Amino acid sequence: MNFPEMEQVSSGFVAIVGRPNAGKSTLVNALVGVKVAITSSTPQTTRHRLRAILDREDAQIVLVDTPGLHKPVDALGEEVNRSSVLAAADVDVIAFCIDATASVGSGDAWVAERVASGKRPVVLVLTKADAADEVTIARQLARARELVTPVAEVVLSAQEGFNLEAFVDAVVPLLPQGPRFFPRDMTTDQPLEVMLAELVREKVLRLTRDEVPHAVGVQLDELEYDEKRDFHTVRCTIYVERDSQKGIIVGKGGEMIRAIGIAAREDMERLLGTGVYLDLRVKVRKDWRRDSSQIRRFGYGEGL
């Protein structure tokens with residue numbers, strides 16, 4: 001591993017904020033060029049505040065991917081909101097993401113109020129531009145300007161890789177000069193154990209019905225590496241709140257849990273660069289989302 005040199009470059013932290021499902025994690029993955037954050041069409045997919053590192057010859061941008069800010073309805077929502085607010089207060093730049101395909105409304109206004117309290121320069125980022133026409137994009141930008149006063153605006157599509165360089169060009173001049181914070185070959189500071197557990201949760205979100213996703217928490221129980229075989233054994237427990245949810249995840253004859261395991265194992269093998277044996281179990285922990293101690297045990301929000 002190459003550790004940071006002491007030369008002075010544009011180096012700082014950029015919080016990626018916005019309401020749930022605004023495309024924040026997809027943007028982070030696209031900028032870094034590798035998958036460091038899970039994604040799904042389910043709002044509030046992100047529960048961890050993670051940092052991803054975009055390193056260039058002249059700059060190091062530390063992207064702080066945050067859970068979507070929303071009006072919480074349980075202890076889990078309060079915890080992930082607190083994580084996002086703390087992230088926005090402790091960075092050099094805020095990238096305020098607004099979905100080009102969704103009406104700018106009270107949810108965005110609620111986020112904008114918290115962005116303004118951070119007193120940091122704001123870059124307005126209109127995401128998912130590939131799915132909107134020029135008239136819609138112009139209308140979205142006009143409405144967004146009513147909520148914040150940005151120092152720069154970027155219209156992009158992380159899914160299509162469109163205009164990502166414009167985002168970098170907008171952010172770099174706003175960063176202070178200083179040393180690199182992370183080794184140049186490092187893409188995230190997220191612990192491996194967390195990344196593996198999140199890969200399982202991502203597959204649950206993508207494969208199960210609507211009544212399951214928000215009730216799911218995943219905990220990594222065991223990670224073993226066999227050096228002779230160059231092989232990892234991973235054991236995880238999927239927690240839900242109801243017996244009916246457990247039944248959905250297990251599926252008829254174990255069909256769903258096998259599908260989740262196959263999809264997660266493929267991503268784990270890419271991440272680890274080895275073969276993987278993945279053992280998944282499902283347990284019921286009633287109303288865990290209302291239990292702050294359990295939320296922190298899973299490492300969600302600031303619990304890690």
Side-chain angles (χ1 to χ4, degrees), residues 14-46 48 50-69 93-105 107-108 111 115 122-145 147-148 150-174 187-188 190 195 198-199 201-203 205-207 213 263 266-267 270-271:
V14 179
I16 312 296
V17 304
R19 70 183 188 184
N21 217 24
K24 300 179 295 297
S25 295
T26 303
L27 174 58
V28 168
N29 288 339
L31 287 167
V32 176
V34 295
K35 183 174 182 174
V36 295
I38 68 169
T39 60
S40 83
S41 59
T42 303
Q44 302 169 38
T45 294
T46 301
H48 295 278
L50 68 88
R51 292 181 290 193
I53 299 95
L54 172 57
D55 191 90
R56 308 197 324 174
E57 288 302 319
D58 62 339
Q60 186 175 85
I61 305 172
V62 183
L63 302 161
V64 185
D65 187 21
T66 65
L69 279 162
V93 179
I94 294 174
F96 181 23
C97 294
I98 288 183
D99 184 346
T101 67
S103 298
V104 178
D108 296 293
V111 175
V115 166
V122 175
V123 175
L124 176 60
V125 182
L126 197 66
T127 63
K128 309 181 186 180
D130 58 299
D133 58 32
E134 292 185 6
V135 173
T136 301
I137 288 172
R139 183 175 66 246
Q140 295 289 83
L141 287 173
R143 290 176 177 173
R145 293 183 196 116
L147 304 180
V148 292
V151 298
E153 298 176 358
V154 182
V155 178
L156 55 78
S157 168
Q159 193 71 40
E160 299 294 327
F162 166 68
N163 228 20
L164 296 178
E165 195 60 31
F167 174 88
V168 176
D169 291 341
V171 166
V172 168
L174 303 174
T187 56
T188 181
Q190 189 169 215
M195 296 181 74
E198 286 289 85
L199 287 175
R201 188 167 68 87
E202 178 186 60
K203 307 315 175 190
L205 295 180
R206 292 186 176 186
L207 292 173
E266 290 175 352
D267 271 4
R270 282 190 287 269
L271 175 63

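Just so it is clear, the structure is predicted and the values come from calculations on it, not from any experiment.
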Check whether any side-chain heavy atom of [X] sits under 4.5 Å from a side-chain heavy atom of [Y], and report yes or no.
| X | Y | result |
| --- | --- | --- |
| L27 | L156 | yes |
| T187 | V32 | yes |
| T127 | S157 | no |
| L147 | V104 | yes |
| V155 | L141 | yes |
| I16 | V28 | yes |

For [X], which residues count as a side chain to side chain donor-acceptor pair (under 3.5 Å) partner, sequence neighbours excluded?
| X | value |
| --- | --- |
| S103 | none |
| T188 | none |
| D169 | none |
| E165 | R56 |

For [X], which residues count as a side chain to side chain contact (heavy atoms under 4.5 Å, CB included) partner, sequence neighbours excluded?
| X | answer |
| --- | --- |
| A132 | A100, T136, I137 |
| A131 | T101 |
| V122 | I94, F96, V115 |
| A166 | V154, N163 |

Seminar exercise, completed: Between Q190 and L50 the two heavy atoms that sit nearest each other are NE2-CD2, 3.6 Å

Problem set entry | Shortest non-hydrogen contact from L54 toward L31 | CD1-O, 3.4 Å

Problem set entry | Residues L199, L271; criterion side chain to side chain contact (heavy atoms under 4.5 Å, CB included); working and verdict | CA-CA 10 Å; L199 287 175; L271 175 63; 4.2 Å; yes

Problem set entry | Pairs involving residues 154-164, ordered by first then second residue, that meet salt bridge (charged side-chain N to carboxylate O under 4.0 Å, His left out) (sequence neighbours left out) | none

Exercise. Does D108 use its side chain to pair, donor to acceptor, with the backbone of G105 at less than 3.5 Å?
Worked result: yes

For [Y], is there an ion pair with [X] - N to carboxylate O distance below 4.0 angstrom?
| X | Y | value |
| --- | --- | --- |
| D65 | K24 | no |
| K35 | D267 | yes |
| E198 | K203 | no |

Run the salt bridge (charged side-chain N to carboxylate O under 4.0 Å, His left out) test against [X] and tell me which residues pass, sequence neighbours left out.
| X | answer |
| --- | --- |
| E57 | R184 |
| R145 | E153 |
| D99 | K128 |

Problem set entry | Steps toward side chain to side chain contact (heavy atoms under 4.5 Å, CB included) verdict (R139, V135) | CA-CA 6 Å; R139 183 175 66 246; V135 173; 4.3 Å; yes

For this session: Apply the test side chain to side chain contact (heavy atoms under 4.5 Å, CB included) to residues I61 and L63: give CA-CA distance (whole Å), side-chain angles for both, the deciding distance (0.1 Å), then the verdict.
Result: CA-CA 6 Å; I61 305 172; L63 302 161; 3.8 Å; yes

Exercise. Does the pair N29 and V34 meet the rule for a side chain to side chain contact (heavy atoms under 4.5 Å, CB included), with working shown?
Worked result: CA-CA 6 Å; N29 288 339; V34 295; over 6 Å; no

